[in-house]
Amino acid sequence: MIRKYTVKISALAVVLLLILVSVCPVFAESDTLTTDNNSSIPATAPTGVATKVIEDTFALTDDAAVFTEIQAQELMSELKAAGEKTGWQFIIHTSNEGVSSKNMVSHYDKYYASQNFKDNAIMLVIDMRTSNRQILSYGDVKSYFAGDPDRYEDIKSAMKPYLNTGDMYGASQVFISKAQKVYDMGKTNKLLLSLKKFGIFIGLAAVAVGLIIFFVTKSKYKHMGTTGTYDLSANSSVDLTDVADDFVTTHTTVHVIKSDSNSGGGSSSPSRDGHSSGTF
Amino acid sequence: MATMNYKCPNCDGPLTFNPDKQLFCCDYCLGEFEPAKVQQMNEEKEKRETYDERDVKNAEQAKQQAQAQGQSTEEEYPVSYTCPSCGAEVVTTSTTAATTCFYCYNPVVLGSRLSGEFNPDKVVPFELSKEKATERFLAMCGKKKFLPKGFTSESQVEKLNGVYFPYWFADEQKTAHLTATGKKIRTWRSGNKEYTETRIFHVVRGGNVIVKNVFERALKSESREMLQSVHPFDLTKAQPFAMSYLSGFQAEKRDLDKKDVEPVLEKKMHDYTEQALKNTMEGYDVITTESFTEKTDLSAYSYNLLPVWLMTYNFNGKLIPFAINGQTGKAYGQLPVSTGKLAAFCAIVAVLIFILGVLGGMLFI
């Protein structure tokens, strides 16, 4: 008796757990990083000196001359520290090329390829003419962002206040610190992301399938065999003495068939490029 | 006492009817005897042993008194008899006509129950042996994974009892007349138009209709659905009733009179007669009855015993009957479901779907 109820309770518990797991959101690590805004350095206008330094752990190619010399030095120091910590190459690239937002990814992919940067790299691009900004990741760094747009969003939203005031230096500092935070969080967990993204739907579908199986099986067991039938043809005979089939009337109805003029349009699937990126 | 059993003329052991051989067999000396011979041997004994209705009457009087006092009539009133083999007291319900002694396991036929007005007209002997009925039962249960643990156990299967259940049968010859509206419908297409032509006919059919073997249970204590659902039986194999066929099986005496089932059977025959005439209206897509009249010319009712292998299972305090037609092997009944087993299975399926779904979702990330 106890065993019977234990089985039932266990089954019920599993179903409830399923529902709970599917309904509750999966919490990622909380993003509590504060921006490292060095207030001693003023917000910059593009009045600095063009800088181009490429090292193993970082690159600063300030073609738009956004940063002052001091800011550039400071940034290089931070980029180097971040690069050494993560093993990635941290790249900040500014330009006045005026690349449209649509072409940012392809254009700066080519730029990345042309500069002989490291395979594992994260690059912040600031186009001063169009005010377009892009974060691009390459190699192993992609797996830290894959499938989790929140990580890009987190960096972007932290940078936004600085970008809005034209403080590219402050924005760059936030980029460096936030990117390190992503490194600290580790590679994206696809399983958790799948759970977060589809868990509720899959959970509900699984419970629905389980319930359908339960009730269909139960009803199948309820009645075995067909109900008793009386074979009328085998047990009856008719000797007809009065037969008449008199035609009375006829009528015809006409139904106009509507032609099916709706033709389905073709569908296209979005193309995918080979890297992770975030535009803002 | 109005009890008897059938003994082997060779060794005096108990004789039982063997469905496979359609012969009476002795389990001790392995003797086999034709039914006619056994009936001939026991004819005098049956007459001598079945005159005493006193115990049955006492039980029925007790039941009538209970009814008059407004008490439940579902209760069975036990009647005791003496086993002719071992002398033990055999306690039965007031409708039991054949059983087995609980002490010596010898078959006992309570002849008085099936004498006089309760004497059946015909009996369809068992054709399906207990072994074959068990095979049918286990074969069907074998595919079911959510039966309670003990449902197919040996002790449970042992409970499979061969029971002769009483039924009323009716045959009628009628003069019937049916008028109806018949419709022939033809549909075709031309261009973007669909035409539907309906031709209407006044249809008349009249004549003599014979409807046979319309049945209704004659025992109110058993589930009507179960008793009706084990049909059909092949009544061409029915034999004139002989008490000896009951040896080795259980048998129930009817407790529904002809007048109790007559309205049900009349309604069935009315419907069947109309349907039989309708079946002669061929070529119509729709037939709507306008008028139907009938007059019964000949009517015959009979009370027959039909063979059923029956098992009852106590599941969560509820008795679930399971029946197998003792002639054709057709099974009918409810199978109990172990809710715990089924719920566990469904939960596992749901968890698997969830896991596979989440893993599959990774492909889209």
Side-chain angles (χ1 to χ4, degrees), chain A residues 4-5 7-8 10-12 14-15 18 22 146-147 190-191 193-195 197-199 202-203 205-207 209-211 213-214 217-218 221-233 235-257 259, chain B residues 140 144 146 177 182 189 192-215 225 228-232 272 275-277 279-280 330-337 339-347 349-351 353-354 357-359 361-362 365:
Chain A
K4 189 177 78 177
Y5 283 109
V7 175
K8 281 185 186 177
S10 307
L12 190 67
V14 171
V15 173
L18 253 176
S22 62
K190 285 191 173 184
L191 186 68
L193 287 168
S194 173
L195 201 62
K197 205 169 179 181
F198 310 115
I202 296 168
V207 170
V209 170
L211 288 174
I213 293 172
F214 184 87
T217 308
K218 219 164 179 188
Y221 276 57
K222 206 169 182 182
H223 291 287
M224 295 300 302
T226 52
T227 53
T229 49
Y230 177 75
D231 188 351
L232 182 61
S233 59
N235 288 295
S236 67
S237 62
V238 179
D239 180 17
L240 292 174
T241 54
D242 187 6
V243 178
D245 293 82
D246 300 326
F247 174 72
V248 178
T249 185
T250 183
H251 61 82
T252 305
T253 57
V254 182
H255 172 68
V256 178
I257 304 159
S259 60
Chain B
M140 199 177 59
K144 308 287 176 193
F146 306 111
H177 195 267
R189 277 189 180 193
N192 67 337
K193 290 177 180 170
E194 188 179 83
Y195 296 86
T196 304
E197 180 197 69
T198 307
R199 288 188 293 153
I200 299 171
F201 293 80
H202 178 68
V203 190
V204 177
R205 295 288 185 274
N208 297 316
V209 181
I210 295 172
V211 178
K212 295 185 295 183
N213 300 327
V214 180
F215 60 87
E225 190 185 1
Q228 299 293 94
S229 298
V230 290
H231 281 260
Y272 292 153
Q275 190 57 50
L277 282 179
N279 289 349
T280 65
K330 180 191 172 190
Y332 183 80
Q334 285 185 25
L335 286 177
V337 184
T339 311
K341 269 189 194 177
L342 181 58
F345 174 77
C346 292
V349 170
V351 168
I353 289 173
F354 185 77
V358 170
L359 290 175
M362 288 167 66
I365 287 173

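In the text below, chain A, chain B and the rest are named by the order of the sequence lines, each starting its count at 1.
Here L240(A) contributes atom CG and L277(B) contributes atom CG; the two are 6.5 Å apart, rounded to the nearest 0.5 Å. Considering NE2 of H255(A) and OG1 of T196(B), their distance stands at 8.5 Å, rounded to 0.5 Å. Between the OG atom in S236(A) and the CD1 atom in I210(B) there is a gap of 9.5 Å [rounded to 0.5 Å].
Ranking V203(B), V204(B), I353(B) against chain A, the residue ahead of the rest is V204(B), based on heavy-atom pairs under 4.5 Å. Counting heavy-atom pairs closer than 4.5 Å to chain B, the top-ranked of the candidates V238(A), D246(A), L232(A), V248(A) is D246(A). Note on G361(B), G182(B), G206(B): by heavy-atom pairs under 4.5 Å with chain A, the leading option is G206(B). Contacts with chain B were tallied for V209(A), V243(A), L211(A); V243(A) has the most, counting heavy-atom pairs under 4.5 Å. Heavy-atom pairs under 4.5 Å with chain A were tallied for H202(B), Q275(B), R189(B); the largest tally goes to H202(B).
Side-chain contact between T217(A) and F146(B): present, with at least one pair of heavy atoms (C-beta onward) separated by less than 4.5 Å. In this structure, the side chains of I200(B) and H251(A) come closer than 4.5 Å at one or more pairs of heavy atoms. Two residues are said to be in side-chain contact when any heavy atoms from C-beta on lie closer than 4.5 Å; N235(A) and V211(B) fail this criterion. Using a 4.5 Å cut-off on side-chain heavy atoms (C-beta onward), V349(B) and I213(A) make contact. Contact of the E194(B) side chain with the V254(A) side chain is not registered, since no non-hydrogen atoms from C-beta on lie closer than 4.5 Å.
Residue A206(A) comes nearest to A350(B) through the heavy atom pair CB-O, 3.1 Å, listed as atom of the first residue, atom of the second, then distance. Closest heavy-atom contact between L342(B) and K218(A): CD2-N, 4.3 Å. Residues M362(B) and K190(A) share a closest heavy-atom pair of CG-O, 3.5 Å. Nearest approach of I257(A) to K193(B), heavy atoms of both residues: CD1-C, 4.1 Å.
One finds a salt bridge joining R205(B) and D245(A) here, because a Lys/Arg side-chain nitrogen approaches an Asp/Glu carboxylate oxygen to under 4.0 Å.
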Inset, instruction - Could you please spell out the steps behind the side chain to side chain contact (heavy atoms under 4.5 Å, CB included) verdict for D242(A) and H177(B)? - result: CA-CA 8 Å; D242(A) 187 6; H177(B) 195 267; 3.0 Å; yes

Legend entry - V358(B) vs L191(A), side chain to side chain contact (heavy atoms under 4.5 Å, CB included): CA-CA, chis, key distance, verdict: CA-CA 7 Å; V358(B) 170; L191(A) 186 68; 3.7 Å; yes

Inset, instruction - Under the side chain to side chain contact (heavy atoms under 4.5 Å, CB included) rule, what do F354(B) and V207(A) come out as? Steps first, then yes or no, please. - result: CA-CA 9 Å; F354(B) 185 77; V207(A) 170; over 6 Å; no

Legend entry - From CA spacing to verdict: side chain to side chain contact (heavy atoms under 4.5 Å, CB included), V256(A), N192(B): CA-CA 6 Å; V256(A) 178; N192(B) 67 337; 3.8 Å; yes

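With hydrogens and angles ignored, the 3.5 Å screen pairs a side-chain donor or acceptor of T250(A) with a backbone N or O of T198(B).
Within the 4.5 angstrom heavy-atom criterion, atoms from both the backbone and the side chain of N208(B) approach chain A.
Ring planes of Y230(A) and Y272(B): parallel class, angle under 30° (limits at 30 and 60°).
In this structure, F214(A) has no ring-ring contact (aromatic ring centres under 6.0 Å, His included) partners at least two apart in sequence or on a different chain.
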